[in-house]
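Letters A, B, ... mirror the listed sequences (proteins, then strands); counts begin at 1.
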There are 2 protein chains.
Amino acid sequence: MGVGMKSIIQVSPGVPLYREVKRRITESVRHGEWPPGGAIPSESKLCERFGVSMGTIRKAVDELSAEGFLIRQQGRGTFVASHNQDRYLFAFFHVARQDGYKEYPKVDLVEFEKTRGDTTAAAMLRTEPGARMVRFVNKLELSGAPVVIDEILLPESLFPRLTEKRLRDRPATLYQLYQEDFRVTVIRTEERLRAIKADAFKARLLGMKVGEPLLQVIRVALSFKDQPVELRYSYVDTRRHEYYSAPMAAS
Amino acid sequence: MGVGMKSIIQVSPGVPLYREVKRRITESVRHGEWPPGGAIPSESKLCERFGVSMGTIRKAVDELSAEGFLIRQQGRGTFVASHNQDRYLFAFFHVARQDGYKEYPKVDLVEFEKTRGDTTAAAMLRTEPGARMVRFVNKLELSGAPVVIDEILLPESLFPRLTEKRLRDRPATLYQLYQEDFRVTVIRTEERLRAIKADAFKARLLGMKVGEPLLQVIRVALSFKDQPVELRYSYVDTRRHEYYSAPMAAS
DNA sequence: CAGTGGTCTAGACCACGTC
DNA sequence: ACGTGGTCTAGACCACTGG
């Protein structure tokens, strides 16, 4: 049938239709039309809505679901990914025991303050230098023993009125809290790793000697359009645990 | 048109056609019909060959190219990924200077022996315990200073007659050597990381003090069907460099 | 059973590379 | 001009989920 009838939606020349469909779907989610965890319209409904054919809808939804943003379930529908789901419990937590056993950590808030980001933090979070930040430190225990310290920096502009109390209420995961309380959805992360010596503060919290090796993970969490939303320094005691890197594909 | 005419290729019920097409394409590459770096037949040719429609071919090639196994180039054709390409130089080398500068390391072979794998190595490489292995150690220099030590274990069954001389000839990358000399193609890797103390051997090679923190990367390289083909222990001096983890998607 | 996503077809035109 | 992959259409049947 070739190009067929004209589509309802307009795109600049050179922009594929399915990209515009992807953009519109993410827009609708961001604007709250379809909440995290909820279903989006069926593929045939989306055809009508956007005036494009099934194949185009499928290509758009295929990619969004490969990016982890939508979740398809045959026979049920397509859902907006939510951090409030089992599948997310270990998606961003990569520490496991050396024998491979994975468990979810018990989290304790040990510090909380409002501060201003230094130049490094401002650069990594793409805020102006000296922007207001929320800074807090969590201690993570596995099988009752402390294994990880997380130092977390959030731009206050994205997380207004985040309180110490809210963090002490033990949200299932931080990224779920970001999503539900602040409509900030973490899509992916970038990480850099180093081996460092434990300082007095970390050694005390982790029950190790000063100077012992510690795995440092510098993580930037990114939302839509690669906007950085969280800077996190993790310190992992790898005497009995390991850090699992995501599988590296050849591409 | 619905199910249309019957396809030439047969599949067990429940196995999608495009999966069978994927399997056949990888088979043809593995059997040497289309060499790494070479072009595979055009999509229309593949339609005839497999007796399926373009859409099905495209879905198969889409996935193989997302897995990094094929490379599409509009207007030119589709090629079998080869480790002998610029894009691969940093695909599996994740160490960069702290300011983000990336360079390709100068490699020196410092040990080479034929040995037998211990139980750990045998388990990770899925060989029988005590299988013959080739073991060698490389020292990697960046900007003239040693930064990484690689200890590499290969099952001799996959790499027969690999000689010390061949490794000293400075192949562009090891994975290129595996591919060209032994038809072993690395598709992806799995990595686990720890922070450890430098021992005397590593401290000497890296020009650091014994006991200084060192990043250990335990990597298993996998080929088709997730067959493990290489076990590598990397030790990275992260005083001036960092280890970049692959981006973590939400899925 | 009706509705969803999953697979598949047989075409068409477009954008790009090469000659 | 020609062949490649990239996009898109308008359908069809299949497999699964839920009432």
| query | Shortest non-hydrogen contact from B:Leu162 to B:Phe136? | reply |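 Looking at all heavy atoms of both residues, the shortest contact is CD2-CE2, 4.4 Å.
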| request: Would you name the heavy atoms of A:Pro155 and A:Leu125 that are closest together and state the gap between them? | output: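 So the minimum-distance heavy-atom pair works out to CD-CD1, 4.0 Å.
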| request: Describe the nucleic acid contact of A:Gly77 in one word from base, sugar-phosphate, nothing, applying a heavy-atom distance below 4.0 Å. | output: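 The residue A:Gly77 makes sugar-phosphate contact but no base contact.
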Interface polar pairs with nucleotides 1-3 of chain C, N/O, under 3.5 angstrom:
residue, atom, partner, partner atom, Å
C:dG3, N2, A:Gly75, O, 3.1

Return no unless some side-chain N or O of [X] is found under 4.0 Å from OP1 or OP2 of [N].
X	N	result
B:Lys59	C:dC8	no
A:Arg58	C:dG6	yes
A:Thr78	C:dG5	yes

| said: Name the residue from A:His83, A:Glu230, A:Arg183 that meets the side chain to side chain donor-acceptor pair (under 3.5 Å) definition with A:Tyr178. | reply: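 By the side chain to side chain donor-acceptor pair (under 3.5 Å) criterion, A:Tyr178 pairs with just one of A:His83, A:Glu230, A:Arg183: A:Glu230.
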| said: More than 12 heavy atoms of other residues, nucleotides or ligands under 6.0 Å from NZ of A:Lys106: yes or no? | reply: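 Yes, NZ of A:Lys106 has more than 12 neighbouring heavy atoms, counting only those of other groups under 6.0 Å.
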| request: Enter the distance from B:Lys59:NZ to B:Arg19:CZ here, rounded to the nearest 0.5 Å. | output: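 Answer rounded to 0.5 Å: 8.0 Å.
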| query | What distance do A:Glu20 atom CD and A:Arg24 atom CZ have between them, rounded to the nearest 0.5 Å? | reply |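 One gets 5.0 Å once the value is rounded to the nearest 0.5 Å.
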| A:Thr56 has a side chain; which of D:dC8, C:dT4, C:dT7 sits nearest to it? |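 Among D:dC8, C:dT4, C:dT7, the one nearest the side chain of A:Thr56 is D:dC8.
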Between [atom2] of [N] and [atom1] of [X], the distance in whole Å:
X	N	atom1	atom2	result
B:Arg72	D:dT4	CZ	C1'	11 Å
A:Glu20	D:dT7	CD	C1'	15 Å
A:Glu43	C:dT7	CD	P	11 Å
A:Leu46	C:dG6	CG	P	13 Å
A:Gln73	D:dG18	CD	C1'	13 Å
B:Leu17	C:dA10	CG	P	11 Å
A:Glu48	C:dT4	CD	P	10 Å
A:Ile57	C:dT7	CD1	C1'	17 Å

| So, A:Arg219 and A:Glu190, do they make that salt bridge, N to O below 4.0 Å? |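 No.
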| request: Would you kindly compare A:Met54 and A:Arg19 by the position of their nearest DNA chain D nucleotide and give the one closer to the 5′ end? | output: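 Going by which nucleotide is closer to the 5' end, it is A:Arg19.
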| query | Mind checking whether B:Ile218 and B:Leu231 have side chains closer than 4.5 Å, heavy atoms only? | reply |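 They are in side-chain contact.
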| task | Starting from Watson-Crick (N1-N3 plus N6-O4 or O6-N4) and G-U wobble pairs under 3.5 Å, report the runs of at least three that DNA chain D belongs to. | result |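 DNA chain D stems, ordered by first number: C:1-18 with D:1-18.
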| field | Any donor-acceptor pair under 3.5 Å from A:Tyr104 side chain to A:Ala172 backbone | value |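 Checked: pair present.
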